[in-house]
Amino acid sequence: MITTPLPTKRFDVAIVGLGYVGVPLALGFAKAGCRTLGYDTDSKRVRQLQQGRSPFAHISSLDLVDILADGTLEPTSIPARLAESDAIIVCVPTPLLQHQDPDLSHVHGVAKEIAPHLRRGMLVSLESSTYPGTTREEFRLILEQGSGLKAGRDFHLAFSPEREDPGNSKSKLRNMPKVIGGFTDECRDRATELYGKVIDQIVPVSSCDTAEAVKLTENIFRYINIALVNELKTIYSSLGIDIWEVLHAAKTKPFGFMPFYPGVGVGGHCIPIDPYYLTWKAKEQNIDCRFIELAGQINHSMPKYVVNGLLDAMNHSGQTLNGKTVLVIGVAYKPGVSDDRESQSYTIMNLLKAKGAKVDYYDTHVPLIPPNRGHWSGKKSIEWNDENLERYAAAVVCTAHDDVDYARLADQIPLVVDACNVVPKDQKAQVILA
Ligand SMILES: NC(=O)c1ccc[n+]([C@@H]2O[C@H](COP(=O)([O-])OP(=O)(O)OC[C@H]3O[C@@H](n4cnc5c(N)ncnc54)[C@H](O)[C@@H]3O)[C@@H](O)[C@H]2O)c1
């Protein structure tokens, strides 16, 4: 049992990694009256938060300003201040390296930063999505080696997966059940006590490994089902059947069916990435993840399928794509957010460019393409006006943002490829579902 009493400290919790997950979590704790420290190595991000400017379109700056004025939230880039908190929650990125191997450099780096400031009685909870064993093995070892303390004896260690759904106004921190696994039962109970202050339903599981597997299972389920509807879309389309009409009718079945929707592929920091954390871990055990690999092949083939839809339509009317101007609608990976990580819109833009098209985009959520792994950083969204829209031979709708006037788009541009089923079919344009 961890008996050493905690000295009274300034903060109940420190959130490490102030990104899409960390900022709403920090606000949630602070709103619940917990004294909250927010820590990030990115000093620009920290300054922005200190000035009350939300980095994300779906998080209100007004909320942030109120909480900062209350003094319940303090953003910092000084790691030593972590020692001032009773608990540390880690939400740093877990991307993929080239060839789809896990990149745990942020998780390892953060453990090294925390270790010198770890105190007896502290709780450290990892929330970053990762393969089973990360918390118990590598994260724990770095914390122990850097601090001289032992998990389960001197400090508490837990894994609790994040279920943040950016842009979904119905999804609130308090009403999202929270899965928690501890290094020991006592670690899990301490984490339950902390999260219980801001979340109504805690779902305890037997270990950190199980909690890590829960997160991967949720996202793999989504990845595979999206691949399934994407494949069905290609089959039904060749049979002259509209997949959207099929799904609309199928989802009236009150049991045994859950709708997933086709699109241009899979984007964001979670769904296209997390499945490969498991395939990598499974390879260590000499197990092939055939289902996940197959889903990956299908999802990765979708941008080409969409562009082929445009090429076919142009061919039918005796046109070529080479030399034409094409407008891509939406570069965020999903509607209503500014997150363009792993967005398949960029793959589509690359394919169009490779076919000789001149490509522009429209997205009010991403007015300027930030630095990314593709070739489009620094490009600006076009202004939405008749004069601009008339310049395009075709448009491709990749993201179903609800602030786009799709009727006007199809009134101004002669050919629209719609991967999201949002463009009305009774306009002037030839509209193709792809
Ligand atoms: N974005 C989502 O919707 C979502 C949903 C569920 C789970 N997750 C998982 O949550 C984790 C975080 O994702 P995110 O989208 O918030 O990432 P993000 O890139 O938006 O934010 C991560 C933040 O961590 C900071 N950071 C990186 N290394 C650091 C270090 N050593 N010390 C302190 N700060 C550091 C970065 O500067 C950045 O501000 C990932 O594992 C992701 O898979 C994300």
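Listed by chain and number, the residues in a side-chain hydrogen bond (donor to acceptor under 3.5 Å, both in side chains) with Gln297 amount to none (sequence neighbours excluded). Listed by chain and residue number, His401 satisfy the ring pair (Phe, Tyr, Trp, His ring centres under 6.0 Å) test with His365 (two or more places apart in sequence, or in another chain). Scanning for side-chain hydrogen bond (donor to acceptor under 3.5 Å, both in side chains) contacts around Glu162 gives an empty result, with sequence neighbours left out. Looking at residues two or more places apart in sequence or on another chain, you find a side-chain hydrogen bond (donor to acceptor under 3.5 Å, both in side chains) between Ser207 and Thr210. Looking at residues two or more places apart in sequence or on another chain, you find no side-chain contact (heavy atoms from CB on, under 4.5 Å) involving Asp66. Scored by the ring pair (Phe, Tyr, Trp, His ring centres under 6.0 Å) test, Phe260 finds Phe221 as partners (sequence neighbours excluded). In this structure, the side-chain hydrogen bond (donor to acceptor under 3.5 Å, both in side chains) partners of Arg81, at least two apart in sequence or on a different chain, are Glu74, Glu84. Judged as a side-chain contact (heavy atoms from CB on, under 4.5 Å), and not counting sequence neighbours, the contacts of Thr364 are Tyr362, Asp403.
A donor and an acceptor atom, one from each side chain of Ser128 and Thr130, are nowhere located under 3.5 Å apart. A side-chain donor-acceptor contact under 3.5 Å links Tyr346 and Asp340. The closest side-chain donor-acceptor pair between Ser85 and Tyr39, if any, does not fall under 3.5 angstrom.
Between the Thr279 side chain and the Cys289 main chain, no donor and acceptor come within less than 3.5 Å of each other. When atom types are taken as modelled, the side chain of Thr234 and the backbone of Glu231 share a donor-acceptor pair closer than 3.5 angstrom. At distances below 3.5 Å, at least one donor-acceptor pair connects side-chain atoms of Gln344 with backbone N or O atoms of Glu342. Remark: the backbone N or O of Ser129 is paired with a side-chain donor or acceptor of Thr94 at under 3.5 angstrom.
Residue pairs meeting the salt bridge (Lys or Arg N to Asp or Glu O under 4.0 Å) criterion with at least one partner in residues 196-219, sequence neighbours excluded, are Arg136-Asp209, Arg163-Glu218, Arg174-Asp200. Judged as a side-chain hydrogen bond (donor to acceptor under 3.5 Å, both in side chains), the pairs with a partner in residues 240-253 (not counting sequence neighbours) are, in order, Lys251-Tyr261. The list of salt bridge (Lys or Arg N to Asp or Glu O under 4.0 Å) pairs with a residue in residues 327-338, not counting sequence neighbours, reads Asp165-Lys334.
The local environment of NZ in Lys379 is crowded, with over 12 non-hydrogen atoms from other residues, nucleotides or ligands closer than 6.0 Å.
With contacts defined as side-chain heavy-atom distances shorter than 4.5 Å, the pair Leu216/Pro132 qualifies. Looking at heavy atoms from C-beta onward, Thr72 lies out of side-chain contact with Thr36 at the 4.5 angstrom threshold.
Taking CD of Glu164 as the start and CG of Leu25 as the end, the distance is 8.5 Å to the nearest 0.5 Å. For the atom pair OG of Ser147 and CZ of Arg119, the computed distance is 12.0 Å after rounding to the nearest 0.5 Å. Taking CD of Glu127 as the start and OG of Ser160 as the end, the distance is 5.0 Å to the nearest 0.5 Å. The structure places CG of Asn299 at 12.0 Å from CD1 of Ile292, a figure rounded to the nearest 0.5 Å. Considering CD1 of Ile329 and OH of Tyr361, their distance stands at 11.5 Å, rounded to 0.5 Å. Distance check, rounded to the nearest 0.5 Å: CD1 of Ile202 to CZ of Arg188 gives 11.5 Å.
By the 4.0 Å N-to-carboxylate-O rule, Asp339 lies close enough to Arg341 to be salt-bridged with it. Salt bridge status for Lys281 with Glu284: present, with a side-chain N to carboxylate O gap under 4.0 Å.
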For residues 103-110, please give each side-chain donor-acceptor pair under 3.5 Å, one per line with the distance, not counting sequence neighbours.
| residue | atom | partner | partner atom | Å |
| --- | --- | --- | --- | --- |
| Asp103 | OD1 | Ser105 | N | 3.0 |
| Asp103 | OD1 | Ser105 | OG | 2.7 |
| His108 | NE2 | Glu138 | OE1 | 2.9 |

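Across every non-hydrogen atom of Ala30 and Ile67, the tightest pair is CB-CG2, 3.5 Å.
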